[in-house]
Chemist: 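Questions regarding the structure given below will be posed in turn.
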Amino acid sequence: MQTEPAVGGARGPVPTIGWVGTGIMGAHMCRHLIEAGYEVRVTTRTRDKAQALLDSGATWCATPAEVAHGSDIVLTMVGYPSDVREVVLGGSGVLAGARPGALVADMTTSEPGLAAEIFDAAAVLGVGALDAPVSGGDVGARNGALTIMVGGREEDLERVLPVFARFAKSVTWQGGPGAGQHAKMVNQVAIASGMVGVCEALLYAQRAGLDVARVVETIAPGAAGSWSLSNYAPRAMRGDFEPGFKVDHFVKDLGIALAEARRMGLALPGLALAEQLYVAASAQGLGGRGTHALLRALATLSGTSWATTP
Ligand code: NAP
């Protein structure tokens, strides 16, 4: 009998966890589960990216279906909605291998409509499905301090809560299938213009000849402060544009939010402007860099460049 990795005092049979997608976020999240003592079955597109997890005791599986076949709960954390469709609904996807009574939670930032489609396809098989996208970035994933926004059935969330608690500081049920993804879109709409503001503020500080670090330190505790300013300005100042959160993933998110807003008859011009600026950043070859690389695209607009602080 496996030792119970008790969470918050909860006791009961220990589920075997399946994990699909071990990129920037998934690798950290999955690591927390292995460290907690869960038995984990894992697959991802590029096996090297799972090697550290395999070395820590996870079992490699060739496909998401194989992951699901031996798992009670399967968590997916891939890139785009097309990836989610493939790893959950595809011929070798999670639902092709899931046992009745199993549960799949997609944690990718994806489309609300796809989440509802997965819920319906899973229900036919007697499998539970949640959409459970996250915020908190690579820092939150590393530190086990993510926020999870959940759509689906509340009783399914209850089952997976002890698992989520291993890498989340906040888990909130938002409503039926797709509601988690809608909540994540609210998060992205709120962040989008803020990121433009952070990047423009840094450029302004530089062009005005200020000590950028000093001015950021001065304004961060006030009304201009934000998670984005505190976490991304230091990276930009030392010339570190590694993701974090990739520009192309943000373009994906802002596109989903715009499409949903259009479908609901809602005009969100601030969001549309941010999306266009991020599309430009991607077109300038910055798609694989972190979202604070917008700074470099904006600098190009003014015929200048971003000077890093040694
Ligand atoms: P990432 O580093 O690109 O990780 C995605 C992983 O999924 C990659 O390792 C990728 O394989 C794998 N994958 C993609 N398609 C697959 C498939 N068909 N089969 C198997 N594996 C597949 O991205 P991330 O930064 O971890 O982000 C993951 C999701 O979380 C995205 O939807 C993103 O928008 C969202 N998110 C990210 C952050 C953040 O700060 N990074 C924060 C909140 C939410 P390869 O390695 O071969 O590409």
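Read the numbers this way: they start at 1 and go in the same order the structure lists the ligands and their atoms. The model shown is predicted, which means the values in this text are computed figures rather than measured ones.
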Chemist: Can you tell me which residue among L33, I34, T59 is in a side chain to side chain contact (heavy atoms under 4.5 Å, CB included) with L53?
Modeler: I34
Chemist: Using a strict cut-off of 4.0 Å, indicate which atoms of ligand 1 neighbour a heavy atom of T22.
Modeler: 9 (O)
Chemist: May I ask you to list the atoms of ligand 1 that are less than 4.0 angstrom from any heavy atom of D138?
Modeler: 40 (O)
Chemist: Are a donor atom and an acceptor atom from the side chains of D131 and Q181 found within less than 3.5 Å of each other?
Modeler: no
Chemist: To the nearest 0.5 angstrom, please state how far the OG atom of S71 sits from the CD atom of E39.
Modeler: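 The CD atom of E39 is 8.5 Å from OG of S71, to the nearest 0.5 Å.
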Chemist: In terms of residue, atom name and distance, what is the protein heavy atom nearest to atom 4 (O) of ligand 1?
Modeler: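 Of the protein heavy atoms, G23 CA, 3.3 Å lies nearest.
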Chemist: Suppose we measure from atom 12 (C) of ligand 1 to each protein heavy atom; which comes out shortest, and what is that distance?
Modeler: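 Residue, atom and distance for the closest contact: T44 OG1, 3.8 Å.
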Chemist: Please work out whether any backbone atom (N, CA, C, O) or any side-chain heavy atom from C-beta onward of T43 is under 4.0 Å from ligand 1, and answer side chain, backbone, both or neither.
Modeler: neither
Chemist: Is the NZ or CZ atom of R235 positioned over F241's six-membered ring, under 6.0 angstrom from the centre and within 45° of the axis?
Modeler: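 Judged by the rule (NZ or CZ under 6.0 Å from the ring centre, within 45° of its axis), R235 is not positioned above F241.
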Chemist: Which bit of M107 is near ligand 1, meaning a heavy atom under 4.0 Å away: side chain, backbone, both or neither?
Modeler: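 Answer for M107: neither.
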Chemist: Roughly how far apart are W227 CH2 and I191 CD1, rounded to 0.5 Å?
Modeler: 7.5 Å
Chemist: Please report the interatomic distance OG1(T109) to NZ(K184), rounded to the nearest 0.5 Å.
Modeler: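 Reported value, rounded in 0.5 Å steps: 4.0 Å.
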Chemist: So which protein heavy atom does atom 29 (C) of ligand 1 come closest to, and at what separation?
Modeler: V78 O, 3.0 Å
Chemist: Quick check with a 6.0 Å cut-off and a 45 degree axis cone: is R47 positioned over the face of W60's six-membered ring?
Modeler: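 Judged by the rule (NZ or CZ under 6.0 Å from the ring centre, within 45° of its axis), R47 counts as positioned above W60.
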Chemist: Just heavy atoms, cut-off under 4.0 Å: does R45 contact ligand 1 by side chain, backbone, both, or neither?
Modeler: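 Under 4.0 Å from ligand 1, R45 contributes backbone and side-chain atoms.
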Chemist: When rounded to the nearest 0.5 angstrom, what distance separates CG in D253 from OG1 in T291?
Modeler: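 D253 atom CG to T291 atom OG1 measures 10.5 Å (nearest 0.5 Å).
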Chemist: Give the numbers and elements of all ligand 1 atoms closer than 4.0 Å to a heavy atom of G21.
Modeler: 7 (O)
Chemist: Test of understanding: given a 4.0 Å heavy-atom threshold, classify the contact between E86 and ligand 1 as side chain, backbone, both, or neither.
Modeler: side chain
Chemist: Starting from atom 39 (C) of ligand 1, what is the nearest protein heavy atom, named by residue and atom, and what distance separates them?
Modeler: M25 SD, 3.4 Å
Chemist: I would like to know whether R142 and D138 meet salt bridge (Lys or Arg N to Asp or Glu O under 4.0 Å); could you show each step before the answer?
Modeler: CA-CA 6 Å; R142 189 179 312 119; D138 57 327; 3.7 Å; yes
Chemist: Please could you name the atoms of ligand 1 that D83 approaches to less than 4.0 Å, counting only its heavy atoms?
Modeler: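 It comes down to these atoms of ligand 1: 14 (C), 15 (N).
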Chemist: In the protein, what heavy atom is nearest to atom 30 (O) of ligand 1, and what distance, to one decimal place, separates them?
Modeler: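 Looking at atom 30 (O) of ligand 1, the protein heavy atom closest to it is M77 CE, 3.2 Å.
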Chemist: Check each heavy atom of K184 against ligand 1 and say whether those closer than 4.0 Å belong to the side chain, the backbone, both or neither.
Modeler: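 The answer is the side chain.
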Chemist: Within the 4.0 Å heavy-atom shell around G79, which atoms of ligand 1 are there?
Modeler: 31 (C), 32 (O)
Chemist: I'd like to know whether the aromatic ring centres of F167 and H32 sit less than 6.0 Å apart in this structure.
Modeler: no
Chemist: Before giving the answer on ring-ring contact (aromatic ring centres under 6.0 Å, His included), spell out for Y80 and H249 the whole-Å C-alpha distance, their side-chain angles and the decisive distance to 0.1 Å.
Modeler: CA-CA 8 Å; Y80 297 88; H249 281 161; 4.9 Å; yes
Chemist: List ligand 1 atoms under 4.0 Å from K246, heavy atoms only on the residue side.
Modeler: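 The list of qualifying atoms is 1 (P), 2 (O), 3 (O).
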Chemist: Side chain, backbone, both or neither: which applies to V87 and ligand 1 if a contact is any heavy-atom pair less than 4.0 Å apart?
Modeler: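 It is the side chain that touches ligand 1; the backbone stays farther off.
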Chemist: Do T46 and D48 get their side chains close enough for a donor-acceptor pair, meaning under 3.5 Å?
Modeler: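 Absent: no donor and acceptor within the cut-off.
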Chemist: What protein heavy atom lies closest to atom 35 (C) of ligand 1? Include the residue and the distance to one decimal.
Modeler: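 Going atom by atom, the protein heavy atom closest to atom 35 (C) of ligand 1 ends up being T109 OG1, 3.5 Å.
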Chemist: Mark up the atoms of ligand 1 that fall under 4.0 Å of a heavy atom belonging to V134, in ascending order.
Modeler: 43 (C), 44 (C)
Chemist: Counting heavy atoms only, which of K49, H249, M29 is nearest atom 27 (O) of ligand 1?
Modeler: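 The option holding the nearest heavy atom is H249.
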Chemist: State whether the side chain of Q206 and the backbone N or O of S305 hold a donor-acceptor pair below 3.5 Å, judged by distance alone.
Modeler: yes
Chemist: Taking 4.0 angstrom as the limit, do E117 and R85 come out as a salt bridge?
Modeler: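 Here E117 pairs with R85 in a salt bridge, since their nearest N and O are under 4.0 Å apart.
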Chemist: For atom 2 (O) of ligand 1, what is the nearest protein heavy atom, given as residue, atom name and distance?
Modeler: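 Protein heavy atom at minimum distance: I24 N, 2.9 Å.
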Chemist: Quick test: of every protein heavy atom, which one is nearest to atom 41 (N) of ligand 1, and how far off is it to 0.1 Å?
Modeler: G244 O, 2.9 Å
Chemist: For ligand 1, which atoms have a heavy atom of K252 less than 4.0 angstrom away?
Modeler: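 Heavy-atom distances to K252 below 4.0 Å select 31 (C), 32 (O), 33 (C), 34 (O).
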